[in-house]
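Taking it in order: structure first as structure tokens, then the write-up.
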Amino acid sequence: ATPDNDVKRGCYCTSPSIRNTGLNLYSEIVDSFILMFAILGIGQTVAGDSALNYVFIWAIITGIGTAFGGVTGYSMNAARDLPPRIVFALFCPGENKDADWGYAWIPVVGPICGTVLAALVYAVLPFPA
């Protein structure tokens, strides 16, 4: 892939700053876990019933982006990366375009695993009624 292609692809989908399959997958699982667990936990607070919860969600997403964005681009959502990657592969002009399909599974599988884990952990925690 050429640097020009990487810039074009970066407008559509994520890619890691350092390619390490295990750590990239771990990063996506952790950032998705934090996002889902925090969103589920907001319902247990006083702010859960107010418009302030949107500010908290924004702050969580911004914090995760700051912490994990440099590692993998933090898709945090399977739908955030795969459809734009498909659009890039189908419709972007250029002869040497590469949609980086070898990495494409990580921003899909990682967030799914992270959110499922967060939901399971949240479900087993005892909360006061």
Side-chain angles (χ1 to χ4, degrees):
T2 63
D4 185 43
N5 181 66
D6 292 343
V7 171
K8 286 180 191 175
R9 187 179 61 235
C11 294
Y12 289 86
C13 54
T14 62
S15 64
S17 57
I18 299 172
R19 199 167 289 271
N20 181 322
T21 303
L23 292 177
N24 296 151
L25 180 62
Y26 178 72
S27 173
E28 288 292 337
I29 290 171
V30 169
D31 65 29
S32 300
F33 179 94
I34 293 169
L35 176 66
M36 179 58 71
F37 193 77
I39 288 174
L40 290 170
I42 286 175
Q44 298 295 322
T45 67
V46 175
D49 294 331
S50 71
L52 192 57
N53 64 355
Y54 299 113
V55 175
F56 289 143
I57 292 172
W58 168 82
I60 292 163
I61 291 171
T62 302
I64 292 170
T66 303
F68 292 94
V71 180
T72 59
Y74 79 105
S75 69
M76 292 191 300
N77 179 346
R80 154 65 187 91
D81 190 81
L82 187 59
R85 192 179 299 268
I86 292 169
V87 168
F88 173 78
L90 293 176
F91 299 114
C92 282
E95 301 218 357
N96 296 331
K97 67 180 177 184
D98 174 22
D100 195 12
W101 292 110
Y103 178 77
W105 68 274
I106 292 174
V108 173
V109 173
I112 291 171
C113 292
T115 53
V116 168
L117 282 171
L120 291 173
V121 169
Y122 183 82
V124 299
L125 290 176
F127 291 108

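The structure presented is a predicted model; accordingly, all values stated were derived computationally and were not measured. Only this structure's heavy atoms are used, side chains among them; waters, hydrogens and symmetry mates stay out.
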Trp58 atom CH2, neighbour heavy-atom count above 12 within 6.0 Å: no
Over all atoms of both residues, closest heavy-atom pair of Pro83 and Ala79: CD-O, 3.3 Å
Gap between atom CG of Leu35 and atom CD1 of Ile64 - 0.5 Å precision: 4.5 Å
Donor-acceptor side-chain pairing of Asp81 and Thr14 below 3.5 angstrom: yes
Cluster overlap Val30 with Ile112, hydrophobic side-chain contacts below 4.5 Å: no
Geometric class of the Phe88/Tyr12 ring pair [parallel <30°, tilted 30-60°, perpendicular >60°]: tilted
side-chain contact (heavy atoms from CB on, under 4.5 Å) between Arg19 and Ile106, worked out: CA-CA 11 Å; Arg19 199 167 289 271; Ile106 292 174; over 6 Å; no
Single-linkage hydrophobic cluster Leu25~Trp101, side-chain heavy atoms < 4.5 angstrom: no
Where Pro111 and Ala78 come nearest, the two heavy atoms and their spacing: CB-N, 4.1 Å
Student check: side-chain heavy atoms of Ile34 and Phe68 closer than 4.5 Å: yes
OH (Tyr122) with more than 12 external heavy atoms under 6.0 Å: yes
Hydrophobic cluster membership, Ile86 vs Val108, 4.5 Å side-chain cutoff: yes
Point-to-point distance, once rounded to the nearest 0.5 Å, from OG1 of Thr115 to CG of Leu120: 9.5 Å
Rounded distance (nearest 0.5 Å) linking atom CG of Leu82 with atom SG of Cys13: 9.5 Å
Distance (rounded to the nearest 0.5 Å) between Asp98 CG and Ser15 OG: 10.5 Å
Spatial distance of atom CD1 (Ile39) from atom CD1 (Ile57) [nearest 0.5 Å]: 4.5 Å
Same apolar cluster (I L V M F W Y, side chains within < 4.5 Å links), Met36/Val109: yes
Ser75 side chain reached by Glu28 side chain, heavy atoms, under 4.5 Å: yes
Val71 vs Leu23 side-chain heavy atoms within contact, under 4.5 Å: no
Closest non-hydrogen atom pair between Thr72 and Ser27, with its separation: OG1-OG, 3.7 Å
Ile18, CD1: over 12 other non-hydrogen atoms inside 6.0 angstrom: no
Within-4.5 Å side-chain heavy-atom neighbours: Phe37 and Leu117: no
Any Tyr103 side-chain heavy atom under 4.5 Å of Arg85 side chain: yes
Shared hydrophobic cluster for Ile60 and Val55 (ILVMFWY, side-chain gaps under 4.5 Å): yes
